Amino acid sequence: MVSLYNTGLELANLLLGSDLLNQSWEAISKLQKQNLTLLEDPSLPFSVKNQIYESPSKGSIIAFVSSPNCAVNHLQEEFRELISSDQITSFDFLRTRSNTSSISIHKAAFALFASLENELSLLKQQFTSSQPLIVTGHSLGGSVASLFTLWLLESLPSYGVQHILCITFGSPLLGNNGFQKAMSEHPMWSSCFLHVVSDKDPVPGFLISDHNASAATLTTPTWYMPFGTYLFGSESGFSCFEEPQSILELLMIMSSRCAESENLNNCSQVIDYGHILEQLKNKAICRGISELPDTISNPLQAGTYLLLEATGVGKVQENVNLSYLAMNIAKRAEVQAKHKQKLFDPSKISKTKKSMSYLEWYMKNSLEEAGYYDKYKTRRSRSRDEIASTEDLIKHHRTLKLFWKRTVTEVENLPWKEGRTRRKRLLYAATNYRRMVEPLDIAEYYGRGKRDYVLHGRSEHYKLLEKWLTGENTQTYQRSQASSLTVDSCFWAYVEEAMISCQVLKDGQSSSPQDQESARENLIKFEQYVMDMVNNFLVSPEIFLSQSSFMLWWNEYSKVVGNSYTSPLTNFMNDGFRRYA
């Protein structure tokens with residue numbers, strides 16, 4: 001739990017110790033000097049300039065600056081407006097099934113991005129996943145840099161993400177709560193963003209509304225929320241934060257310095273981040289435990305207190321209770337850590353392996369009887385020992401279903417590209433699970449006297465797992481021997497429907513002519529279906545066991561159609577099924 005303190009300070013030291021921040025700001029400074037006339041004329045409408053700076057040893061830097069230079073006295077009320085993702089198509093990929101919140105982006109930032117979209121499209125095509133790239137920007141230019149980085153990340157494979165870093169300086173917040181949630185579902189993307197903020201710069205906190213400060217929950221789509229990592233710097237030192245609510249509180253405290261100032265000219269100056277970086281680089285953070293207040297009660301709170309002190313929030317606003325703030329942030333960090341641990345529990349993986357092994361054992365032991373499907377289907381009429389083993393099977397059956405239902409839901413809620421990668425990894429295990437477990441569901445369904453499992457009883461997660469397989473266009477090959485597992489996991493549902501249709505024909509007078517005609521059509525289709533499966537070795541030999549539901553159906557069906565009836569299936573059943581079995 002002390003990792004919040006260690007990570008925040010170590011990451012800040014690492015970044016300031018490297019030349020990444022200085023190189024980024026140098027690129028911004030060069031671009032600002034090239035556009036000095038535009039930057040210094042506040043009467044001009046906002047526009048954005050960009051430039052690529054090549055470094056043979058360290059890759060490329062793309063810098064973005066807005067003109068004129070953006071300071072608080074330039075920002076009007078309409079500057080707060082958001083634009084919904086429904087109105088733009090460039091960032092459709094952010095929407096996922098699990099994130100039902102409306103995703104909105106800062107309207108002014110998107111307008112600047114859109115003004116460069118054609119130019120940025122060509123720029124996007126120049127970069128490959130193996131090239132190191134820093135995308136950087138100041139103020140509104142930082143917002144455009146973030147949007148371009150996001151646009152670029154969506155087009156790259158997952159292994160290419162590690163070569164990109166977006167560094168912004170004094171950039172306003174970019175999106176609403178829905179946008180932040182969407183980014184939280186892309187942890188690899190979110191880790192590519194670093195936002196540098198000075199305690200004297202009011203611009204990063206300008207878009208925070210008064211509602212943010214007082215609301216107990218932050219779900220309203222019109223409220224801005226931060227994302228990525230924030231590096232806060234002050235005369236006291238520097239530190240990094242990643243938890244959105246903690247960042248929001250710090251930004252509110254820092255922006256209040258300008259709001260409470262009687263002389264607004266103090267807030268109209270553009271912050272020189274180059275000077276700030278030089279100061280911070282020469283500082284070393286070292287705080288003794290003796291400096292902590294008595295209210296701090298554990299190491300996590302202590303580390304958080306020192307982090308906050310390093311940002312200088314106490315000097316920004318004297319009435320800030322650092323102890324109280326530290327305890328709140330530490331508490332949220334604990335909750336977040338527990339949530340992450342809950343999402344990935346390695347013990348669940350081992351439990352599913354154990355359950356699948358049990359199902360395989362049960363399947364092998366059922367071959368001497370009616371087969372896997374029918375042994376489970378007739379479980380209630382068996383001996384005490386057999387009932388006990390079936391109860392164990394039911395437990396494992398439930399464990400597997402619960403695990404895969406949750407897994408399928410999680411994967412389906414991922415963005416398309418990330419979800420496809422996860423589906424590929426899970427495809428083999430998911431297909432085996434579906435082919436082994438779904439027959440048990442079918443047995444339970446028809447055991448309760450129900451009909452038409454495929455249309456009315458099939459779980460959605462089975463349908464999705466089947467789509468995973470067909471959606472990957474997996475290469476088919478000609479089998480030369482029978483499959484150990486029947487490939488179509490709904491096979492036994494079709495057998496049950498065929499048995500029902502056969503009974504309709506046996507009933508004769510008690511069934512309507514329409515029902516009998518429908519039953520005949522269904523049985524002919526089923527014959528063709530079985531022969532297709534047999535000819536391609538897609539059914540397990542266990543379906544031909546003498547007491548299986550399929551053989552019971554065949555025995556009844558052959559009586560109904562009579563000896564004079566011939567078809568590919570009757571020929572096969574008379575001559576070839578024993579060789580197949």
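If you're wondering where the values come from, they're calculated on a predicted model, not measured in any experiment.
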A.B. asks: I want to check something: taking the side chain as every heavy atom from C-beta on, are Lys107 and Leu82 in contact at a cut-off of under 4.5 Å?
C.D. replies: no
A.B. asks: Taking side-chain hydrogen bond (donor to acceptor under 3.5 Å, both in side chains) as the test, write out the residues that go with Thr136, two or more places apart.
C.D. replies: none
A.B. asks: Taking all atoms of both residues into account, what is the closest heavy-atom pair of Ala145 and Gly137, and its distance?
C.D. replies: CB-N, 4.1 Å
A.B. asks: Can you see whether Phe206 has Arg80 sitting over its ring - NZ or CZ less than 6.0 Å from the centre and within 45° of the normal?
C.D. replies: yes
A.B. asks: Supply the atom-to-atom distance Leu31 CG to Ile52 CD1, rounded to the nearest 0.5 angstrom.
C.D. replies: 11.5 Å
A.B. asks: Heavy-atom distance under 4.5 Å between the side chains of Leu427 and Leu469, does that happen here?
C.D. replies: yes
A.B. asks: Which residue pairs pass the salt bridge (charged side-chain N to carboxylate O under 4.0 Å, His left out) test with at least one member in residues 135-148, sequence neighbours excluded?
C.D. replies: none
A.B. asks: For Phe193, which residues count as a ring-ring contact (aromatic ring centres under 6.0 Å, His included) partner, sequence neighbours excluded?
C.D. replies: Phe227
A.B. asks: Return yes if some donor-acceptor pair links the side-chain N/O of Asn176 with the main-chain N/O of Met225 below 3.5 Å, else return no.
C.D. replies: no
A.B. asks: Test your reading of the model: is there a side-chain donor-acceptor pair from Tyr433 to the backbone of Thr352, 3.5 Å cut-off?
C.D. replies: no
A.B. asks: Taking the side chain as every heavy atom from C-beta outward, state whether Ile83 and Ser104 have any atom pair closer than 4.5 Å.
C.D. replies: no
A.B. asks: Parallel, tilted or perpendicular for Phe91 and Phe113, by the 30°/60° rule?
C.D. replies: tilted
A.B. asks: So which heavy atom on Pro172 is nearest to which on Leu140, and how close?
C.D. replies: CD-N, 4.1 Å
A.B. asks: Looking at every non-hydrogen atom in both residues, tell me the closest pair between Ile271 and Lys200 and how far apart they are.
C.D. replies: CD1-O, 3.5 Å
A.B. asks: What pairs with Glu466 under side-chain hydrogen bond (donor to acceptor under 3.5 Å, both in side chains), at least two apart in sequence or on another chain?
C.D. replies: Arg458
A.B. asks: What are the two closest heavy atoms between Ser139 and Val203, and how far apart are they?
C.D. replies: OG-CG1, 4.0 Å
A.B. asks: For Glu119, which residues count as a side-chain hydrogen bond (donor to acceptor under 3.5 Å, both in side chains) partner, sequence neighbours excluded?
C.D. replies: Asn50
A.B. asks: Is any side-chain heavy atom of Thr149 closer than 4.5 Å to one of Leu165?
C.D. replies: no
A.B. asks: Using 30° and 60° as the class boundaries, would you call the ring planes of His195 and Tyr230 parallel, tilted or perpendicular?
C.D. replies: tilted
A.B. asks: What pairs with Glu117 under side-chain hydrogen bond (donor to acceptor under 3.5 Å, both in side chains), at least two apart in sequence or on another chain?
C.D. replies: Ser90
A.B. asks: Taking the side chain as everything from C-beta on, heavy atoms only, tell me whether Tyr224 gets closer than 4.5 Å to His106.
C.D. replies: yes
A.B. asks: State which residue, out of Phe64, Trp25, Phe169, fulfils the ring-ring contact (aromatic ring centres under 6.0 Å, His included) condition with His138.
C.D. replies: Trp25
A.B. asks: Is the shortest side-chain heavy-atom distance between Ile247 and Phe232 below 4.5 Å?
C.D. replies: yes
